[in-house]
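The next block holds one structure in the form of structure tokens; read it before the comments.
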Amino acid sequence: MEDKIRVLLTEEEVNARISEIAARINEDYEGKSVHLICILKGGVFFTCELAKRLTVPVTLDFMSVSSYGSGTVSSGVVKIVKDLDEPLEGKEVLIVEDIIDSGRTLAYLIQVLMQRNPASIRLCTLLDKPERRVKKQVTVDYTCFTIPDEFVVGYGLDYDQRYRNLPYIGVIEQ
């Protein structure tokens, strides 16, 4: 049976907002190089689209972390599944996420990455659900969209590994 998906943010809205955020990042990092850390798997679509719009020099690495077991609710235990390939010392780091809700994973991740002595760490997300935030110290520097507490898919976000390839952000209707 096919799930019914309601469009929350159209492909055009998402693309326009990514361009706006990229312009801000270009201003903020003018004269510097930015090291993007894409959080897999969901962040890959957003990271690629964002990187294409950046005019400052960009390097890129990937990391996979998990705080979810087999369920849909965070266990609170964070595990690094795939670590970075490159050292961070002295780099201007921009963590790129698909969605931030509780903040547990990112609070842990930022703490781990700070120990690797980057020049700075900032956070960029496609979607933010601040009403679900448990870790209030997680500050998002660049947010494309703040959304309500609904289960969203598309643009890298999945439901049971499906729907990542949708070019828009949708809500699975019950």
Side-chain angles (χ1 to χ4, degrees), residues 8-9 14 17-18 21-22 24-25 28 34-51 58-89 91-166 169-172:
L8 180 66
L9 299 163
V14 173
R17 186 65 178 140
I18 292 172
I21 291 296
R24 281 191 40 218
I25 292 169
D28 291 351
V34 63
H35 186 68
L36 302 180
I37 296 178
C38 172
I39 305 301
L40 297 172
K41 294 177 186 170
V44 75
F45 289 81
F46 175 45
T47 302
C48 289
E49 291 302 317
L50 179 67
V58 171
T59 54
L60 178 64
D61 207 343
F62 299 89
M63 191 169 210
S64 181
V65 293
S66 177
S67 65
Y68 295 92
S70 56
T72 57
V73 178
S74 175
S75 65
V77 178
V78 179
K79 178 174 127 181
I80 295 177
V81 179
K82 185 230 175 287
D83 206 341
L84 300 171
D85 295 328
E86 302 289 325
L88 296 181
E89 191 158 346
K91 293 182 179 176
E92 303 287 346
V93 172
L94 182 60
I95 300 170
V96 184
E97 261 285 25
D98 56 353
I99 190 166
I100 300 172
D101 47 37
S102 73
R104 282 188 185 102
T105 302
L106 281 165
Y108 172 80
L109 182 61
I110 290 167
Q111 183 180 12
V112 166
L113 296 179
M114 285 300 289
Q115 295 171 8
R116 299 180 188 186
N117 300 315
S120 68
I121 293 182
R122 291 185 184 175
L123 183 54
C124 179
T125 188
L126 178 62
L127 304 173
D128 191 8
K129 288 184 182 179
E131 66 188 69
R132 290 191 36 116
R133 193 84 76 248
V134 173
K135 296 290 184 177
K136 304 294 185 194
Q137 74 271 28
V138 172
T139 302
V140 185
D141 300 282
Y142 307 99
T143 301
C144 288
F145 298 98
T146 300
I147 62 168
D149 187 14
E150 296 184 283
F151 194 87
V152 289
V153 295
Y155 228 91
L157 295 139
D158 73 295
Y159 173 66
D160 198 22
Q161 296 299 327
R162 296 181 298 150
Y163 307 120
R164 286 188 196 278
N165 62 317
L166 295 176
I169 305 296
V171 177
I172 295 181

| query | Is any side-chain heavy atom of R122 closer than 4.5 Å to a side-chain heavy atom of I25? | reply | no
| query | Which value, rounded to the nearest 0.5 Å, describes the distance between K79 atom NZ and Y108 atom OH? | reply | 11.5 Å
| field | Nearest heavy-atom neighbours spanning I21 and C144 | value | CG1-SG, 3.6 Å
| query | Rounded to the nearest 0.5 Å, how far does CD1 of I39 lie from NZ of K82? | reply | 10.0 Å
| message | Assess the residue pair L9 and R17 against the criterion (side chain to side chain contact (heavy atoms under 4.5 Å, CB included)); give the C-alpha distance rounded to whole Å, side-chain angles, the decisive distance to 0.1 Å, and a yes or no. | response | CA-CA 10 Å; L9 299 163; R17 186 65 178 140; over 6 Å; no
| request: Check L84 against F62 and note the closest heavy-atom contact, atom names and distance. | output: CD2-O, 3.6 Å
| note | On a heavy-atom basis, the closest approach of T105 and V78 is CA-CG2, 3.9 Å
| With a 4.5 Å heavy-atom cut-off, do L113 and P118 have their side chains touching? | no
| field | Pair K41 + D158: basic N to acidic O under 4.0 Å | value | no
| task | First locate atom CG of L94, then atom SG of C124, and finally report the distance between them rounded to the nearest 0.5 Å. | result | 5.5 Å
| said: Within the structure provided, determine whether V14 and L126 are in side-chain contact (heavy-atom separation under 4.5 Å). | reply: yes
| query | Are side-chain heavy atoms of L88 and I37 found at a separation under 4.5 Å? | reply | yes
| Nearest 0.5 Å, what's the CG-OG1 distance between L123 and T143? | 7.5 Å
| said: One pair to check against side chain to side chain contact (heavy atoms under 4.5 Å, CB included): Y142 and D28. What are the steps and the verdict? | reply: CA-CA 11 Å; Y142 307 99; D28 291 351; 2.6 Å; yes
| message | Show, in sequence, the C-alpha distance, side-chain angles and deciding distance for D61 and K91, and conclude whether the salt bridge (Lys or Arg N to Asp or Glu O under 4.0 Å) test is met. | response | CA-CA 12 Å; D61 207 343; K91 293 182 179 176; over 6 Å; no
| said: As an exercise, state the distance from CG of D149 to NZ of K129, rounded to the nearest 0.5 Å. | reply: 5.0 Å
| note | Value for CD1 (I121) from CD1 (I95), rounded to nearest 0.5 Å, stands at 5.0 Å
| task | Answer yes or no: is there a side-chain heavy-atom contact under 4.5 Å between V96 and F46? | result | yes
| request: Determine yes or no for a side-chain-to-main-chain donor-acceptor pair under 3.5 angstrom, with T125 supplying the side chain and L127 the backbone. | output: yes
| message | Between E86 and T59, does the side chain to side chain contact (heavy atoms under 4.5 Å, CB included) criterion hold? Intermediate values first, please. | response | CA-CA 10 Å; E86 302 289 325; T59 54; over 6 Å; no
| said: Measuring only between side-chain heavy atoms, which start at C-beta, is Y155 closer than 4.5 Å to I18? | reply: yes
